[in-house]
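Report on one structure; see the data block that follows.
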Amino acid sequence: MAASRIMERFSSDDKDEDLIELEAIRRPRAVKFDLTRANREDLEAQHYHEPQHSNALQRNSWSSSTQRVLSSMPSRSIKFNQSTALSRSTEARRRRPLSIVSPTHCSTEQDVFREQESCRNDVTQNEEMLDKLQDLSGAESVRVLRGMPLSVSEKRQIRALIFCCETVQPLSANRDMCCHQFKAWFLKDVCGCCYGSVSQKKSIQLWQGVLKNISAHFGTGVLSYFTFLRKLLYYNLLLFLITGLFLVLPQLSNPPSSKNKSAATDDLWMLTGMGILTDSVMFYGHYANSTEKNCKADMKLCPENYNIPLAYIFTIGVGMFITCVMLVYSMSKSFGKSFRVFKTSGNLALKVFCSWDFKVSKKRSVKLQSVNICTQLKEMLSELSCKKQKRNLCSTLGWLSVHFIVWSICLVCIAACMLVVYYLNPNINQDSSKANSFQKAEDFLKLPLVVSCVSHLLPGFFDMLSRVELYNSLSTQIYVSIIRNLLLKGCIFSVLCYYWLKKISVRKNPETCWETLVGQELYRLVLMDLLFAVSYIILAEFLWGMCIRNITFRRRKLQFDIARDVLELIYGQTLVWFGVLFSPLLPAVQIGKLILLFYFKKTSLLMNFQPPRKHWRATQMSTVFITLLFIPSFTGALACVIYTMWRVKPSSDCGPFSNLGNMFLLGKEWIKDLGKSHPNMSWLSWAYNNLVDNPLFLFITAGLFLAIIYIHMQVLDGQKMIIARLQEQIDNEGEDKKFLIAKLQALNETSAQHHPRKCRVYSKMKRVYIHIPEEYETSSAFQTFGEWDHGIVVKDMNPYLTQSDVHNYFEKFGTITECVVTFDKSSEWPKGVGFVRYSSSEEAKAAEEAGPHCLGDFRLRISKVLTPKLSALNRCDSQLNTPPCQSFQTDLCVT
Amino acid sequence: MGGTSSKLPKDLLSEYQELTFLTKQEILLAHKIFSELQGRENGPYGSRVSMEKVLTLPELKSNPFRKRICHVFSTSDMKDGSLSFEDFLDLLSAFSDSATLEIKSHYAFRIFDFDDDGTLDGRDLEKLVNCLTGETDDTRLTAEEMRQLISNILEESDIDKDGTVNLSEFQHVISRSPDFVSSFKIVL
């Protein structure tokens with residue numbers, strides 16, 4: 001029985017040209033034609049669902065024609081923004097390598113075609129872009145231009161085009177032109193000034209060279225510590241400038257008239273802040289409580305109405321306020337940059353695309369970086385391959401208990417530290433009558449010593465504990481250690497605050513200012529923190545590092561713990577922000593401390609440390625740090641300051657606020673007085689009375705704020721929903737594209753296969769062309785049906801070729817009896833398909849085998865076909881329409 | 001600095017300032033370094049510095065992508081990666097502090113696109129990973145790992161499922177990493 005299958009396909013839109021494909025599957029001595037349309041779809045579906053096929057949407061498995069279609073997709077061509085038409089030479093350079101996708105030899109004509117296309121596109125795009133740029137103002141268009149990924153020369157050409165077009169238009173009005181030029185000149189000047197100032201700022205940037213060196217060695221992660229330090233330095237500088245200018249300088253310019261307190265000579269006054277420093281601008285107690293008494297008439301510098309207490313309260317307030325604004329600003333900016341980070345999928349791609357730090361340029365560091373990336377990639381891959389192995393109950397319990405134990409140890413440690421700090425405090429202040437000043441200093445230094453000791457050594461202990469816990473991801477480990485450190489420091493700080501504000505401030509014997517005492521305490525803490533940090537660097541980093549290197553003889557070096565060091569900085573900064581109320585010059589001390597710390601850390605880093613092994617997500621972590629700096633640290637300090645001002649009674653015989661219930665009262669009184677003394681400022685007191693004091697107003701504003709926040713949240717929700725929808729749509733489109741590509745590939749495969757098992761029937765203009773393997777040509781099935789002519793079907797022709805061109809070209813292979821080039825009926829556009837009839841089978845075969853044929857820069861596809869004899873055509877006309885074709889095929893089936 | 005600033009005409013300088021992300025100081029520094037590379041100081045025009053010479057800069061010397069960087073920024077017709085002064089400025093501008101994420105990711109894409117065909121396909125990714133992990137045998141990934149890595153990357157970043165990563169998909173991935181802007185920098 002004849003066993004072969006016919007694949008048939010009717011192109012539905014074009015009845016005149018029915019393409020019938022016959023696919024004959026050869027069985028031993030048998031051919032079966034099977035007329036099923038559904039089967040083909042089955043086959044395709046099979047193709048599509050085959051696993052290697054869906055996976056094989058990778059380039060190497062594609063046929064060249066698929067590749068050609070794919071490479072001309074708009075998303076594939078990098079948009080070299082339109083500049084290309086401006087510079088033909090660069091166009092050739094840049095477009096060419098991009099358009100050669102398939103390395104096959106036949107890509108040339110496609111290239112030519114595509115280049116024409118792209119040129120056309122470029123010209124239109126170019127005009128659009130120029131129009132768009134001309135719509136903008138001069139400075140704006142230059143800014144847009146700068147943001148385009150073009151080379152300088154291309155940008156220059158575009159700019160010239162823009163400006164020449166601009167100047168052509170207003171030629172009629174000369175004055176306009178003049179005005180325009182003047183404006184341009186003016187703008188340029190202003191811009192130049194701006195640029196100048198910006199570049200000035202750039203060069204002023206502190207420690208630029210050092211930071212570059214650090215980043216070249218250690219990359220962005222470690223750099224973030226130093227930039228954080230620099231940021232703190234700027235904040236302190238600002239705070240210092242404000243307090244220095246408006247508070248310390250006026251106080252210095254009119255020193256108090258007579259202070260008969262003899263400052264006790266103290267050996268360690270630098271450290272303890274006692275002795276000379278007690279009664280200086282350093283601390284609260286020194287500041288005069290009103291100007292009238294102290295201001296001498298002959299002092300030129302003393303302004304008549306400079307009210308030190310008011311200055312005190314406003315300076316501190318303004319300083320805190322500006323710091324707050326700056327913090328919020330940088331925090332929001334940092335959040336804006338990194339909020340996308342919290343999405344976790346797509347880590348491998350991120351790692352490969354973004355992990356290389358181009359700043360690292362030292363050879364050893366580069367090597368280390370690549371080793372690190374390699375190990376990370378391997379780890380991630382192994383994680384992916386074995387996914388999560390499920391723990392059984394026992395190990396889960398063990399894991400939980402380990403965590404529980406570690407956490408409880410940490411909490412117990414923290415509680416113990418709190419107790420120690422709390423009970424150390426009274427010792428210092430109860431017996432203040434000690435003979436030996438040195439012993440006294442020692443007493444005073446005990447507390448800061450313990451506090452610094454705890455805050456420097458316990459984190460190391462916590463780190464050791466967390467090693468037992470075996471966290472599987474680095475970020476959890478970092479966050480846990482941050483939480484513990486924060487807890488420790490927060491507890492210590494709150495104990496200290498409680499002690500200062502509750503105990504010292506209500507002491508019975510008011511022989512000294514309690515504010516000064518607190519200030520001194522803070523001063524000692526800050527200094528001791530510095531001393532400990534420095535000694536830690538020297539002991540733990542220099543000596544220990546040297547020991548490790550010499551004893552173990554390994555080239556291993558220490559690793560820089562960014563999180564811990566940043567937390568140290570945050571803690572120190574909290575102390576300063578709180579202390580600025582009691583000791584206005586504390587920021588100056590902090591500036592010195594930060595500068596010292598910077599140089600120590602830098603030297604130690606370059607000598608003792610190696611680049612970190614794990615990738616540090618610098619931006620994300622700096623967002624976290626700046627948030628920590630704001631939320632517990634700054635807000636905590638601010639709350640303490642406000643509480644002190646509002647609720648705690650200042651000491652009665654010293655400082656600017658003596659004889660007052662609290663510091664805010666002064667402000668209130670001033671505002672009340674203001675209404676009386678300066679009538680034109682009375683609106684301020686009115687505003688104060690009606691708005692700030694009135695609870696109704698506060699309620700209303702709070703309600704408004706809440707409403708605004710609520711609305712914003714709703715808007716955000718809506719946007720999130722839209723984003724999810726869009727994401728879904730993109731995914732769907734991706735699926736569609738995948739499907740279409742697979743279809744295209746399948747189509748191309750079936751149509752391009754010059755496979756002996758395949759046989760096709762081309763029916764055109766009521767003529768039938770049959771492509772059939774040679775061995776069947778002589779088979780009885782064809783011979784019995786009628787007489788056949790031989791010819792070739794030519795496809796992929798250049799559409800501009802005429803019949804005579806084709807005739808001339810194929811003449812050399814034999815005598816041509818018919819030559820046809822087809823046109824689309826509706827559009828009259830050439831289809832690029834032709835038919836050449838030869839007088840004999842041998843000639844047609846010669847023409848087919850002489851390929852590859854190139855005509856008019858296009859590579860032709862040729863297939864040898866059989867067709868009913870010309871003489872028989874008229875007779876067969878009615879039979880060779882589609883229905884007769886089927887009868888012909890069924891005939892074949894029968895045989 | 002005064003000595004070098006006189007070499008670069010003022011109008012050119014301001015033009016460069018307008019068209020690139022560099023500041024005046026940076027342009028002058030770049031000019032100084034470039035004329036040192038040239039060896040002789042005959043102005044910024046026409047004369048190109050060969051790739052080998054550019055790669056002797058300490059900032060580029062051990063960068064695994066150094067050749068790609070030169071090729072991407074070179075406007076030479078010979079495709080030899082040689083840089084003119086303006087190409088050099090382009091390079092520095094793309095790697096500067098103030099360049100936008102868009103510019104940076106665009107050039108990063110072209111640097112990673114080793115065969116210059118407009119998309120990152122499997123071969124490009126393989127070369128990229130080899131560059132990242134270094135050429136020595138102990139750091140290189142095995143063939144199996146590489147296959148898995150590439151298929152994972154394509155799965156994660158190839159949104160339209162066409163088997164390659166194109167520019168917009170690349171930028172989409174990049175936009176999730178805020179570190180990219182700070183690490184895609186070369187400071188002179």
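Quick note on labels: first sequence line is chain A, next is B, and so on, each numbered from 1.
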Option that, when pairs with chain B are counted at under 4.5 Å, heavy atom only, ranks first among A:K378, A:K362, A:Q369: A:K378
Assert top hit (heavy-atom pairs under 4.5 Å, partner chain B, pool A:D731, A:V366, A:N732) equals A:V366
Between [atom1] of [X] and [atom2] of [Y], what distance do you get to the nearest 0.5 Å?
X	Y	atom1	atom2	value
B:C131	A:I373	SG	CD1	11.0 Å
B:D90	A:S153	CG	OG	7.5 Å
B:F184	A:D357	CZ	CG	11.5 Å
A:F358	B:K104	CZ	NZ	10.0 Å
A:W356	B:F112	CH2	CZ	10.0 Å
B:I174	A:C354	CD1	SG	3.5 Å

Here the pair of heavy atoms bringing A:S370 nearest to B:G134 is CB-N, 4.0 Å
Tell me, side chain or backbone of [X] under 4.5 Å from chain B's heavy atoms, or both, or neither?
X	result
A:L377	side chain
A:K212	side chain
A:V352	both

Expected output: side-chain [X] to main-chain [Y] donor-acceptor under 3.5 Å:
X	Y	value
B:S62	A:S361	yes
B:E156	A:A349	yes
A:R146	B:F21	no

Under a 4.5 Å cut-off applied to non-hydrogen side-chain atoms, are [X] and [Y] in contact?
X	Y	result
A:L381	B:N152	yes
A:K359	B:F95	no
B:L132	A:C374	no

Determine, step by step, whether A:R156 and B:Y16 satisfy the side chain to side chain contact (heavy atoms under 4.5 Å, CB included) criterion, reporting the C-alpha distance in whole Å, the side-chain angles of both residues, the deciding distance to 0.1 Å, and the verdict. CA-CA 9 Å; A:R156 181 183 298 137; B:Y16 289 149; 3.7 Å; yes
In terms of heavy-atom proximity below 4.5 Å to chain A, should [X] be classed as side chain, backbone, both, or neither?
X	answer
B:L128	side chain
B:E102	neither
B:L91	neither
B:L60	neither

Among residues at least two apart in sequence or on other chains, which ones pass salt bridge (charged side-chain N to carboxylate O under 4.0 Å, His left out) with A:K155? none
Can you list the steps and then say if B:K61 with A:K363 is a side chain to side chain contact (heavy atoms under 4.5 Å, CB included)? CA-CA 8 Å; B:K61 204 158 56 183; A:K363 198 166 184 188; over 6 Å; no
Derivation and outcome, side chain to side chain contact (heavy atoms under 4.5 Å, CB included), residues A:F353 and B:F109: CA-CA 9 Å; A:F353 291 149; B:F109 182 79; over 6 Å; no
Which residue out of B:L149, B:V129, B:I186 racks up the most heavy-atom pairs below 4.5 Å with chain A?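 The residue among B:L149, B:V129, B:I186 with the greatest pair count is B:L149.
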I would like to know whether B:L19 and A:R159 meet side chain to side chain contact (heavy atoms under 4.5 Å, CB included); could you show each step before the answer? CA-CA 9 Å; B:L19 295 180; A:R159 200 183 57 155; 4.2 Å; yes
